[in-house]
Protein chains: 2
Amino acid sequence: MSTNDCLSGTIRHLLDAGVRPTRHRLALAELLFDGRERHVSAEMLNVEAREHLVSISLATVYNTLHHFTAAGLLREIVVDSRRGYFDTNTSDHYHFFYEDSLCLVDIPIEALEIMRLPATPAGKTIRRVEVVVRVSG
Amino acid sequence: MSTNDCLSGTIRHLLDAGVRPTRHRLALAELLFDGRERHVSAEMLNVEAREHLVSISLATVYNTLHHFTAAGLLREIVVDSRRGYFDTNTSDHYHFFYEDSLCLVDIPIEALEIMRLPATPAGKTIRRVEVVVRVSG
DNA sequence: GCGATTTTTAGAATCATTCTAAAGGGTGTT
DNA sequence: AACACCCTTTAGAATGATTCTAAAAATCGC
Ligand SMILES: [Mn+2]
Ligand SMILES: [Mn+2]
Ligand SMILES: [Zn+2]
Ligand SMILES: [Zn+2]
């Protein structure tokens with residue numbers, strides 16, 4: 001019987017990633033990791049936290065999103081040069097981006113196949129291959 | 001013999017796109033459409049204009065970049081949520097993004113093949129399929 | 001509980017981009 | 001040329017997302 005057997009799933013989730021499960025981080029983690037695929041901006045998550053009566057500063061939302069990202073619990077997606085998005089799905093996958101509603105929707109990795117990737121530039125490492133299908137209408 | 005036979009290539013380029021070839025637009029177009037593949041931010045182009053002794057306001061650089069983009073002379077690329085890039089290559093192609101130096105390099109369309117694109121969401125139109133290969137090191 | 005280390009916070013600062021409103025330029029008409 | 005009309009350029013202010021600062025609060029190991 002490990003010493004953590006009685007911890008909630010969310011606390012375990014944070015501990016496993018090496019993130020100290022403070023009150024605020026737990027509250028945000030509960031909102032983020034609820035099973036749905038989520039693509040949130042800092043401002044969106046801040047609003048959501050307030051709706052759930054969690055008192056938190058916007059700076060802490062930013063701190064936490066970056067912290068979770070560094071710990072591998074989130075990944076950052078760039079689709080809009082005005083706003084950053086964070087994705088709760090950290091596995092390899094791609095995205096639809098609805099330009100009108102600014103919504104992101106996952107494209108599972110197996111729904112798309114990339115062939116003949118060009119040679120990696122000398123001395124460089126590929127960090128990620130991003131595919132964004134921009135749709136509107 | 002058309003009435004435009006004696007115009008410079010740059011003026012013709014703008015006229016053909018339906019853009020009035022004003023002094024400032026011509027200066028920026030000369031910098032942008034010099035044959036190289038270019039991926040510039042507004043700030044980069046502004047600095048370049050000043051280096052070439054072109055007196056221009058940053059607002060005009062933004063106006064012109066957006067104008068050229070609307071006219072199909074440029075396209076906008078999103079790789080960094082802090083800054084927008086404009087690409088002089090408006091044909092279909094993809095990009096390497098060097099995360100350390102913030103540089104973009106073209107990947108020709110034939111260097112990469114995408115198979116099995118997922119179904120387009122109902123009622124939507126695909127505006128573009130973007131591929132960004134992020135590299136570092 | 002205590003002291004060391006993190007975390008949280010409000011508010012200011014930063015930075016890219018857009019907006020405003022006024023001045024400047026181009027073009028066609030008389 | 002003078003005029004009218006419309007488009008462009010401009011400086012500077014405004015905006016909005018994000019980061020920074022420095023001090024207060026929370027957390028952790030002992
Ligand atoms: Mn970031
Ligand atoms: Mn734009
Ligand atoms: Zn996703
Ligand atoms: Zn390009």
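Chain letters run A, B, ... following the sequence lines, proteins first and then strands; every chain starts at 1. Heavy-atom basis, side chains included; hydrogens, waters and symmetry copies ignored. Computed from a predicted model, the values in this text were never measured in an experiment.
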Rounded distance in Å - CG (B/L65) to P (D/dT9): 12 Å
Atom-pair distance (CG on B/L15; C1' on C/dG26), nearest Å: 13 Å
Taking A/R116 for the side chain and B/E110 for the main chain, is one N or O donor matched with an acceptor at less than 3.5 Å? yes
Any donor and acceptor pair, going by atom type alone, linking the side chain of A/R50 with main-chain N or O of A/I56 inside 3.5 Å? yes
Atom-to-atom span, NE2 of B/H67 to C1' of D/dT9 - whole angstrom: 13 Å
For B/E43 and for B/R23, find the nucleotide of DNA chain C with the closest heavy atom, then tell me which residue's nucleotide is more 5'. B/E43
Tell me the interatomic distance from B/L45, atom CG, to C/dT17, atom C1', rounded to whole angstroms. 15 Å
Distance below 4.0 Å between B/S57 side-chain N/O and D/dT10 OP1 or OP2: yes
Contact class for B/T22 vs. all strands (heavy atom < 4.0 Å): base, sugar-phosphate, or nothing? sugar-phosphate
Separation of C/dT8 atom P from A/H66 atom NE2, nearest Å, is 15 Å
Under 4.0 Å, heavy atoms only, any strand: does B/L58 hit a base, just the sugar-phosphate, or nothing? base
Between B/H24 and C/dG25, is there a contact of a side-chain N or O with OP1 or OP2 at under 4.0 Å? no
A/H93 side chain to A/S91 backbone, donor-acceptor under 3.5 Å: yes
C/dA16 phosphate, OP1 or OP2, under 4.0 Å from B/R83 side-chain N/O: yes
Please pick, from D/dC20, C/dT8, D/dA11, the nucleotide with the shortest atom-to-atom distance to any side-chain atom of A/A59. D/dC20
From A/H66, A/R75, A/H39, A/R38, residue fulfilling side chain to side chain contact (heavy atoms under 4.5 Å, CB included) relative to A/F86: A/H66
Starting at CZ of B/R25 and ending at C1' of C/dG25, how long is that distance when rounded to a whole Å? 12 Å
Could you tell me how far apart A/R82 (CZ) and D/dA14 (C1') are, to the nearest whole angstrom? 16 Å
Take B/Y85 and B/R20, find for each the nucleotide of DNA chain C with the closest heavy atom, and name the residue whose nucleotide sits nearer the 5' end. B/Y85
Could you tell me whether the phosphate oxygens of C/dT17, OP1 or OP2, come under 4.0 Å of any side-chain nitrogen or oxygen in A/S81? no
Would you tell me if any nitrogen or oxygen in the side chain of B/Y62 comes within less than 4.0 Å of OP1 or OP2 on C/dT17? yes
When the distance from CG of A/L26 to C1' of D/dT27 is rounded to whole Å, what number comes out? 13 Å
Give me the one residue out of B/T69, B/I77, B/V40, B/L74 that meets side chain to side chain contact (heavy atoms under 4.5 Å, CB included) with B/D87. B/I77
